[in-house]
Amino acid sequence: MSESMVHILTTLAWIVIGALAAYYKSSQSAQKVVSRIKGKAPSLIAQAEREYASATKAGGQKLTWVVDHLYVYVPKWMQAFLTRNMIEKIVQTAFDGAQEYARTQLDKLANKVVK
């Protein structure tokens with residue numbers, strides 16, 4: 001193998017290693033951002049419920065409010081990958097979970113009262 005071929009292969013190997021390292025780092029960063037968003041979503045949902053307590057049919061406004069407040073945690077370079085639509089899905093999942101929990105607790109309470 002010629003010296004120039006070895007140099008080319010070495011350069012390609014470093015490029016591949018660099019790309020893998022960058023991918024791993026961005027993947028880790030994305031996971032941290034998503035975890036942070038998931039952690040903050042419930043408290044922001046509760047805050048939106050208080051903010052729009054007097055409004056009727058404000059589900060869309062509350063969702064937009066929460067997404068707006070969460071999207072600031074997404075770094076600019078990551079916004080192309082972690083879109084507002086994805087944040088909306090995270091918020092909706094958190095809301096659905098909280099709603100199901102509340103329903104379960106109300107059912108338990110109702111069963112105790114009836115007995």
Side-chain angles (χ1 to χ4, degrees):
M1 211 181 253
S2 71
E3 189 175 316
S4 62
M5 184 62 96
V6 170
H7 181 67
I8 290 171
L9 290 175
T10 303
T11 302
L12 285 174
W14 281 114
I15 290 171
V16 169
I17 290 169
L20 289 172
Y23 171 78
Y24 179 74
K25 184 177 179 186
S26 67
S27 174
Q28 294 297 316
S29 296
Q31 289 174 355
K32 287 179 185 176
V33 169
V34 169
S35 292
R36 182 179 222 184
I37 288 169
K38 285 181 178 179
K40 292 189 178 293
S43 63
L44 285 172
I45 290 169
Q47 189 174 344
E49 292 291 340
R50 290 188 298 273
E51 294 277 332
Y52 291 92
S54 62
T56 57
K57 305 285 183 183
Q61 290 174 310
K62 290 185 274 189
L63 178 63
T64 299
W65 186 90
V66 173
V67 171
D68 288 345
H69 283 78
L70 287 174
Y71 206 61
V72 300
Y73 296 106
V74 180
K76 294 281 186 207
W77 67 269
M78 198 180 287
Q79 289 179 359
F81 307 105
L82 189 58
T83 64
R84 291 182 65 80
N85 188 36
M86 295 168 109
I87 303 295
E88 285 179 13
K89 288 179 182 176
I90 291 170
V91 171
Q92 190 62 51
T93 300
F95 177 77
D96 291 345
Q99 192 174 30
E100 184 60 34
Y101 177 77
R103 187 177 298 120
T104 301
Q105 295 305 310
L106 285 172
D107 287 347
K108 285 181 183 179
L109 182 62
N111 286 337
K112 285 182 182 180
V113 170
V114 171
K115 290 181 180 181

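FYI, side chains are in, hydrogens and waters are out, and symmetry mates aren't considered; it's all heavy atoms of this structure.
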*Measure the spacing between OH of Y73 and NZ of K40 and express it to the nearest 0.5 Å.*
4.0 Å

_So, taking the atom named CZ in R36 and the one named CD in Q31, what distance separates them when rounded to the nearest 0.5 Å?_
15.5 Å

*How far does CD1 of I15 sit from OG1 of T10, to the nearest 0.5 angstrom?*
11.0 Å

*Would you kindly confirm whether Y71 and W77 end up in one hydrophobic cluster when ILVMFWY residues are joined by side chain heavy atoms under 4.5 Å apart?*
yes

*Roughly how far apart are L9 CG and W14 CH2, rounded to 0.5 Å?*
14.5 Å

_Inter-residue atom distance L12.CG - H7.NE2, 0.5 Å rounding_ = 10.0 Å

*Any chance you could measure I37, atom CD1, to K32, atom NZ, to the nearest 0.5 Å?*
14.5 Å

With a 3.5 Å cut-off and sequence neighbours excluded, list the donor-acceptor pairs that the side chains of residues 83-96 form with protein atoms.
residue, atom, partner, partner atom, Å
T83, OG1, M86, N, 3.3
R84, NH1, D68, OD1, 3.3
R84, NH2, D68, OD1, 2.4
Q92, NE2, D96, OD1, 2.9
T93, OG1, K89, O, 2.8

